[in-house]
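All values below were derived from every heavy atom in this structure, side-chain atoms included, with hydrogens, water molecules and symmetry-related copies excluded. The residues of the chain are indexed from 1 along the displayed sequence.
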Amino acid sequence: MDYIEFRRQLGKAGLTTGEFAELVKMSSNAVTNCSKKGVVPSHLAIIATLMAVMADNKLDFRAVFNEIEIEPKKRSEERRVGKECSQGV
């Protein structure tokens, strides 16, 4: 998914990039770095799209995320996401 579509999906979900990053326990820099190459890793694209669909259907995705124990990403994992952005994975 290209970064513009990713941001559109976040907008449909009522989220900023920073709010999205906080929900998925990533640094906002790791997410916004995808804008440099213009593509978002497929796992982030899927999450953003599902959030948008849930919001369209008046389902509270935030409550779902609050119930899930997500460990914050380690720096090495965030670097991997950055590499995925640059490779268009």
Check: Given the rule that I, L, V, M, F, W and Y join up when any side-chain heavy atoms are under 4.5 Å apart, are F20 and F65 in one cluster?
Finding: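 Yes; F65 is reachable from F20 via cluster members.
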Check: Is it the case that one hydrophobic cluster holds both V64 and I47, taking links as side-chain heavy atoms less than 4.5 Å apart, direct or via other members?
Finding: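 Yes, it is one cluster - the side chains of V64 and I47 are joined through contacts under 4.5 Å.
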With a 4.5 Å cut-off on side-chain heavy atoms, are [Y] and [X] touching?
X: L23; Y: L15; value: yes
X: M26; Y: L44; value: yes
X: E5; Y: D2; value: yes

So which heavy atom on [X] is nearest to which on [Y], and how close?
X: Q9; Y: T49; value: OE1-CA, 3.8 Å
X: T17; Y: V31; value: CG2-CG1, 3.4 Å
X: A55; Y: F61; value: CB-CE2, 4.2 Å
X: A45; Y: M1; value: CB-CB, 3.6 Å
X: I70; Y: V24; value: CG2-O, 3.9 Å

Note to self: Parallel, tilted or perpendicular: which one describes the rings of F6 and Y3, with boundaries at 30° and 60°?
What the structure shows: tilted
Notebook entry, point to check: What is the distance from atom CG of N33 to atom NZ of K37, rounded to the nearest 0.5 Å?
Noted result: 11.5 Å
Note to self: What's the separation between atom NZ in K12 and atom CE in M54, rounded to the nearest 0.5 Å?
What the structure shows: 14.0 Å
Would you say the side-chain atoms of [X] pair up with the backbone N or O of [Y], donor to acceptor, closer than 3.5 Å?
X: S27; Y: A30; answer: yes
X: N57; Y: L59; answer: no
X: E19; Y: T16; answer: yes

Next item on the list: Could you tell me whether I4 atom CD1 has more than 12 heavy atoms of other residues or ligands within 6.0 Å of it?
Entry: no
